[in-house]
Amino acid sequence: MLRNPELRTKPLGIQQKNIVVTCNYVARERGISKLSYIKDAEKKCPDIVLVNGEDLTHYREMSYKITNFLLKYTPKVERLGFDENFLDVSDMVRTRLNDPSTKEEVKGHIYGQGQKDDADSCTCGCHARLTVGTQIAADIRSALQEELGISCCAGIAWNKLLSKLVAGTHKPNQQTVLFPEHTFELMLSLEAVRAIPGIGHSTAKRLASLGIQTISQLQEVDQSVLTGEFGNSMAQTMKLLSCGSDQSPVVTTGQAQSISDEDSFRKCQDVEDVKNRIGGLLDNLLKRLEEDGRLPGIIRLTLRKLDKEGQWSKRESRQCRVPSHVFALGNNKTIAWYCVLSNNKTIQMKMK
DNA sequence: GTGGATGAG
DNA sequence: CATTCTCATCCAC
């Protein structure tokens, strides 16, 4: 929509292979959901505009533009995927509170109540700090809109878990603050344990085997029951999360730890074809490596096979170290063959 | 260090 | 359920 503003008012979907991986809010109002099949989406919404999004270059570049923009406010910026960032603004809050011109006004929504007044039961100053937090969020979101043309949601709270959860309560392009009195309310509004970030489908399944499906069940279950299935550390963490407690700090993300390029290799029988496709992935990777400026220490190939019935199997990977002389030669294909030969295996499909 | 599992958007 | 195309972390070996 940034590159083609005419699409703003139209139902828009981003397509990768057979799937609408994401879509704008116009499309969502028409009943399109993320990760739906193209067929279903077109059935519901025949005039949906589809843009191919298999090449993530543009999204990655904008993603880093946004993170770098946020880094002008504080060095404590942690990326989560391509489109979310955590900011620890504690220092900014302290500075603003020392400024006599700072007001008491809350910007945006307050979670769990119409107005803010009953609130001042705290003696620790958290309400004042969170209020300043809403002002900082409003300032940053407004500047982001002005300078990069990006709208977004924000959640203001005292830990990452709660800020993420409360950010999702007013969408799109709005912000919400959580005051401590309403923590329990927010956690219980979630219902399923799966809604807690960090509890994915696998952990949810294991919890279900213990008879735990809702947040309140997780809050009330005896520690020892969890410890039996997950071990002490995980059990402790999950109990805390269920109550809205998250000790994890905002960790500055910095440069990527790895870069990868992949493709689902649809209908690839021919060996020649496979070689070409892997070569293409490698070329893209080398371009990105050059822009990055660093040299890789390791290269890894990842693959998934298709069985007779067209079912995907689990991922398999092979990796090896890349000596720097490989790059001194400046020879593209050398690297992939170095990897393949040094492992003495034939590897097709996916490459990381 | 390697390779699989898991989880995030 | 994954499906797409990434990126990160954890853990057994």
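Below, chain A is the first sequence line, B the second, and so on; all start at residue 1.
Within 4.0 Å of Y59(A), counting heavy atoms only, lies no atom of the nucleic acid at all. Among the protein residues, T203(A) comes within range of the sugar-phosphate backbone only, with heavy atoms under 4.0 Å from sugar or phosphate atoms but none that close to a base.
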- Between R94(A) and D91(A), does a salt bridge (Lys or Arg N to Asp or Glu O under 4.0 Å) hold up when you go through it step by step? CA-CA 5 Å; R94(A) 260 189 293 278; D91(A) 294 339; 2.8 Å; yes
- Message: Run the side chain to side chain donor-acceptor pair (under 3.5 Å) test on R79(A) and S63(A) for me, step by step, so that the C-alpha distance in whole Å, both residues' side-chain angles and the decisive distance to 0.1 Å come before the verdict.
- Response: CA-CA 9 Å; R79(A) 292 164 56 79; S63(A) 170; 2.9 Å; yes
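The nearest whole Å value for the distance from the CD atom in Q319(A) to the C1' atom in dG1(B) is 7 Å. Between the P atom of dT3(C) and the CZ atom of R315(A) lies a distance of 7 Å, rounded to the nearest Å. Going from atom CG of N18(A) over to atom P of dT3(C) covers 12 Å, rounded to whole Å. Regarding R60(A), its CZ atom lies at a distance of 11 Å from the P atom of dA8(C), rounded to whole Å. Here the P atom of nucleotide dT6(B) and the CE atom of M238(A) are 14 Å apart, to the nearest Å. Distance F82(A) CZ to dA8(C) C1': 12 Å, rounded to the nearest Å. Regarding H201(A), its NE2 atom lies at a distance of 9 Å from the C1' atom of dA5(B), rounded to whole Å.
Phosphate proximity of dT3(C) to R266(A): absent, as no side-chain N or O sits under 4.0 Å from OP1 or OP2. Look at S202(A) and you'll find a side-chain N or O under 4.0 angstrom from OP1 or OP2 of dT6(B). A close approach under 4.0 Å does occur between a side-chain nitrogen or oxygen of K17(A) and OP1 or OP2 of dC5(C). Between R304(A) and dG4(B) there is no side-chain polar atom (N or O) within less than 4.0 angstrom of OP1 or OP2.
When the C1' atom is compared between dG3(B) and dT4(C), the two are found 23 Å apart, to the nearest whole Å.
Judged by a 6.0 Å distance limit and a 45° cone about the ring axis, R304(A) is not positioned over the six-membered ring of F265(A).
Using a 3.5 Å distance cut-off with no hydrogens or angles, the side chains of Q175(A) and R141(A) do pair a donor with an acceptor.
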